[in-house]
K.L.:
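Sharing a structure here in C-alpha cells format.
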Amino acid sequence: MTVTVVGQIGRDLVLRSAGLPPAGGSARVLRRRELLGGKGANQAVGLAQLGVPAALIGVVGDDDAGAAVCEQAVGDGVDISGVTRRGETALLVDLVDEPASRRLFEHIPESSLLTAADVQQCDTLIARSAIVSLQLQQPAEATLAAARLARRHGAQVVADGNPPAEVRDEMLCCVDVLRADAEEAALLAGEPVTCQAAARALADRLLVAGVRLVALAVPGVGDLLVWSGGQELLGLSKAPVVDPTGAGDAFVAGLIAGLRRGPDPRRAGRLAAAAAAACVPQLGGRPHLADLALPGVSGSRPPGTAHRWDSL
C-alpha cells in the first residue's frame with residue numbers, strides 16, 4: 001500500500017557561491033541547481049528512492065514552474081493525483097556560501113498552502129494508504145483534516161514538526177510517530193531541549209499524550225528515538241556536511257521505510273540516520289537514497305510485520 005505525504009511542494013533554486021557580496025556588490029555563483037523541492041516533495045521522493053510507493057498531497061502553481069515540478073515528481077515515481085494546481089508555485093532559494101553554511105529564502109504564496117478542502121478531495125487516496133505522513137508546517141486545519149481522514153481509514157499517521165497549540169491535543173491523539181527537529185522540540189517543550197535527558201523527558205510526555213514512537217533532534221548530540229519500553233540514541237553522522245537542507249526530510253523518509261520493513265524501531269532509526277547522512281554531502285535538499293534501498297523491495301510490508309507496529 002501507498003505512503004501518502006501531505007506537505008509542501010515547490011521549486012528549489014540552489015546556489016553555491018564563494019561568499020556573500022557586500023551591499024551594492026555581487027558574487028559569482030559557482031554552481032546552480034533548479035529542481036523539485038519542498039518538504040513534502042523531498043520526503044515523497046526519498047520514499048520512492050527507498051522502494052516505497054509514495055503519493056503527494058500538496059499544491060503547485062498553475063504556471064510553468066508548477067508543470068515542471070509535477071513532471072519531475074512523476075519522473076521520480078511519485079503519484080501526483082493528490083496535487084492541486086492553482087496560483088503561483090512556491091519558490092525556495094537555498095544559498096550556500098561555504099560548507100554547512102546556508103541561507104534559505106522562501107516565497108510561499110498563500111495560494112500554495114493546503115486547505116482542508118484540498119485534503120478532503122483526496123479521501124480516496126488516503127483510504128488506500130497504509131501510512132499518511134504530515135508536514136506540520138502546513139496550515140493546522142489542513143493537517144488535522146488529513147489526520148482525521150487517516151484515522152477514519154485505519155492508516156498510520158507520521159507527523160513531522162510541532163503541532164500548533166490550537167489543535168495539539170487532538171493531533172497528538174491521532175499521531176503514531178512524531179519527529180521534531182531541535183527548534184520544534186523546544187517549542188513543544190516550552191524551553192530549549194539541549195541534552196538527552198531533556199529530550200527523554202519531552203518524549204515521555206508525548207508518549208503519554210498518545211504518540212507511539214518519538215524522534216527528537218538534540219543539538220550537538222544526534223536524534224533520540226523513544227517508544228514504550230525502549231530508546232535508541234542515533235549519534236551525529238561523521239559524513240562531511242556540504243548543505244544540511246533536506247536532512248530532516250530524508251530522516252523521516254528513512255524512518256517510515258524502516259518501519260515498513262519490520263517492526264524493530266532501532267533498525268528503523270538506523271535507516272533514518274543513514275538517510276539523513278546520505279543527504280548532507282549533497283548540494284540542495286533533494287534526497288539521494290537509492291543506495292539504501294533493499295534489493296527487490298516492492299513497497300509491501302514483509303510477511304508477519306505488525307500493521308500497527310504493536311511490538312513498540
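Keep in mind that what you see is a predicted model, and the values were worked out from it rather than measured.
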K.L.:
Which pair of heavy atoms, one from Pro99 and one from Val241, lies closest together, and at what distance?
P.N.:
CB-O, 3.6 Å

K.L.:
Do Arg33 and Asp243 meet the salt-bridge criterion of a basic N to acidic O distance under 4.0 Å?
P.N.:
no

K.L.:
Same hydrophobic cluster for Val3 and Val83, using side-chain heavy-atom links shorter than 4.5 Å among ILVMFWY?
P.N.:
yes

K.L.:
Are Leu13 and Leu20 connected in a single hydrophobic cluster, I mean Ile/Leu/Val/Met/Phe/Trp/Tyr linked by side-chain heavy atoms less than 4.5 Å apart?
P.N.:
yes

K.L.:
Taking only Lys NZ, Arg NE, NH1 and NH2, and the carboxylate oxygens of Asp or Glu, determine whether Glu184 and Arg179 approach each other closer than 4.0 Å.
P.N.:
no

K.L.:
Short question: side chain of Gln72, backbone of Leu36 - any donor-acceptor pair under 3.5 Å?
P.N.:
yes

K.L.:
For the pair Thr115 and Glu141, evaluate side chain to side chain donor-acceptor pair (under 3.5 Å) and give the outcome as yes or no after the intermediate values.
P.N.:
CA-CA 7 Å; Thr115 67; Glu141 62 272 16; over 6 Å; no

K.L.:
I need the Leu207 CG to Arg200 CZ distance, nearest 0.5 Å.
P.N.:
7.0 Å

K.L.:
Under the criterion side chain to side chain donor-acceptor pair (under 3.5 Å), which of Asn42, Asp249, Asp76 is the partner of Arg286?
P.N.:
Asp76

K.L.:
So, Thr89 side chain and Gly66 main chain: donor-acceptor pair closer than 3.5 Å or not?
P.N.:
yes

K.L.:
For Arg151 and Cys174, indicate whether the former's side chain and the latter's backbone hold a donor-acceptor pair under 3.5 Å.
P.N.:
yes

K.L.:
Contact between Val59 and Ser111 at the side-chain level, heavy atoms closer than 4.5 Å - yes or no?
P.N.:
no

K.L.:
Gln120 and Ala145: which non-hydrogen atoms are nearest, and at how many Å?
P.N.:
NE2-CB, 4.4 Å

K.L.:
Quick one: does any side-chain atom of Glu106 pair with a main-chain N or O of Leu92 as donor and acceptor, under 3.5 Å?
P.N.:
no

K.L.:
Provide the closest heavy-atom pair for Leu30 versus Ala18 in the form atom of the first, atom of the second, distance.
P.N.:
CD1-N, 3.8 Å

K.L.:
Report yes or no: do Ser133 and Gln43 form a side-chain donor-acceptor pair below 3.5 Å?
P.N.:
yes

K.L.:
Restricting to non-hydrogen atoms, name the atom on Ala159 and the atom on Val175 that form the minimum distance, rounded to 0.1 Å.
P.N.:
CB-CG2, 3.9 Å

K.L.:
Salt bridge or not for Asp94 and Arg103, using N-O below 4.0 Å?
P.N.:
no

K.L.:
Check for me, please, whether Val29 and Leu95 land in the same ILVMFWY cluster - side-chain distances under 4.5 Å, paths through other members count.
P.N.:
yes

K.L.:
When you compare the side chain of Leu259 with that of Leu213, does any pair of heavy atoms fall below 4.5 Å?
P.N.:
yes

K.L.:
Can you find a side-chain donor-acceptor pair between Arg28 and Ser17 that sits under 3.5 Å?
P.N.:
no

K.L.:
Are there more than 12 heavy atoms of other residues, nucleotides or ligands under 6.0 Å from atom CZ of Arg32?
P.N.:
no

K.L.:
So which atom in Ala257 and which in Leu47 form the shortest heavy-atom distance, rounded to 0.1 Å?
P.N.:
N-CD2, 4.3 Å

K.L.:
List the steps, then state whether salt bridge (Lys or Arg N to Asp or Glu O under 4.0 Å) holds for Asp160 with Lys39.
P.N.:
CA-CA 10 Å; Asp160 179 16; Lys39 290 183 69 65; 3.7 Å; yes

K.L.:
Looking at CZ of Arg102 and CG of Asp97, how far apart are the two atoms once the value is rounded to the nearest 0.5 Å?
P.N.:
12.0 Å

K.L.:
Give a yes or no on this: more than 12 heavy atoms of other residues, nucleotides or ligands lie within 6.0 Å of atom CD of Glu183.
P.N.:
no

K.L.:
Using side-chain heavy atoms (C-beta onward) and a distance below 4.5 Å, is Val221 in contact with Leu236?
P.N.:
no

K.L.:
Find out whether Leu134 and Val157 are in side-chain contact, i.e. whether some heavy atom of one side chain is under 4.5 Å from a heavy atom of the other.
P.N.:
yes

K.L.:
Do side-chain atoms of Thr245 reach the backbone of Gly285 as a donor and acceptor pair under 3.5 angstrom?
P.N.:
no

K.L.:
Kindly check if the number of other-residue, nucleotide or ligand heavy atoms within 6.0 Å of CD (Glu166) is above 12?
P.N.:
yes

K.L.:
Less than 4.5 Å apart, side chain to side chain, heavy atoms only: is that true for Leu104 and Val93?
P.N.:
no

K.L.:
Treating Ser101 as the side-chain partner and Glu98 as the backbone partner, does any N or O pair qualify as donor plus acceptor under 3.5 Å?
P.N.:
no

K.L.:
Should we count CG of Asp63 as having more than 12 external heavy atoms under 6.0 Å?
P.N.:
yes

K.L.:
Atom OG of Ser129 and atom CD of Gln156: how far apart are they, to the nearest 0.5 Å?
P.N.:
11.5 Å

K.L.:
Does Ile108 form a side chain to side chain contact (heavy atoms under 4.5 Å, CB included) with Leu113? I'd like the steps, not just the answer.
P.N.:
CA-CA 8 Å; Ile108 304 175; Leu113 298 174; 3.8 Å; yes

K.L.:
Can you tell me if Arg267 has over 12 outside heavy atoms packed within less than 6.0 Å of its CZ?
P.N.:
no

K.L.:
Can you tell if the side chain of Leu188 reaches within under 4.5 Å of the side chain of Leu178, non-hydrogen atoms only?
P.N.:
yes

K.L.:
In Å, rounded to the nearest 0.5 Å, how long is the span from CG of Leu233 to CD of Gln196?
P.N.:
4.5 Å

K.L.:
For side chain to side chain contact (heavy atoms under 4.5 Å, CB included), just list the numbers for Asp79 and Leu125, CA-CA rounded to whole Å, side-chain angles, deciding distance to a tenth of an Å, and then say yes or no.
P.N.:
CA-CA 10 Å; Asp79 177 353; Leu125 179 58; 4.0 Å; yes

K.L.:
Do the non-hydrogen side-chain atoms of Val119 and Leu149 ever get within less than 4.5 Å of each other?
P.N.:
yes

K.L.:
Which heavy atom of Val6 sits nearest to which heavy atom of Ala146, and what is that distance?
P.N.:
CG2-CB, 4.1 Å

K.L.:
With side chain to side chain contact (heavy atoms under 4.5 Å, CB included) as the test, would you mind laying out the steps for Trp227 and Val214 before giving the verdict?
P.N.:
CA-CA 6 Å; Trp227 61 97; Val214 179; over 6 Å; no

K.L.:
Is there a continuous path of hydrophobic side-chain contacts, each under 4.5 Å between heavy atoms, that joins Val14 to Phe105?
P.N.:
no

K.L.:
Is the backbone N or O of Val226 less than 3.5 Å from a side-chain atom of Gln231, with the two atoms forming a donor-acceptor pair by type?
P.N.:
no

K.L.:
Any link between Val74 and Val52 through a network of hydrophobic side chains (Ile, Leu, Val, Met, Phe, Trp, Tyr) touching at under 4.5 Å?
P.N.:
yes

K.L.:
To the nearest 0.5 Å, tell me how far Arg86 CZ sits from Ser112 OG.
P.N.:
8.5 Å

K.L.:
Counting only N and O atoms by type, is there a donor-acceptor contact under 3.5 Å from the side chain of Gln49 to the main-chain atoms of Pro287?
P.N.:
yes

K.L.:
Are the side chains of Val242 and Val280 in touch, meaning some heavy atoms are under 4.5 Å apart?
P.N.:
no

K.L.:
From Leu91 CG over to Glu88 CD, what is the distance, rounded to the nearest 0.5 angstrom?
P.N.:
8.5 Å

K.L.:
What's the verdict on side chain to side chain contact (heavy atoms under 4.5 Å, CB included) for Arg128 and His153, showing C-alpha distance, side-chain angles and the deciding distance?
P.N.:
CA-CA 8 Å; Arg128 64 173 188 261; His153 293 298; over 6 Å; no

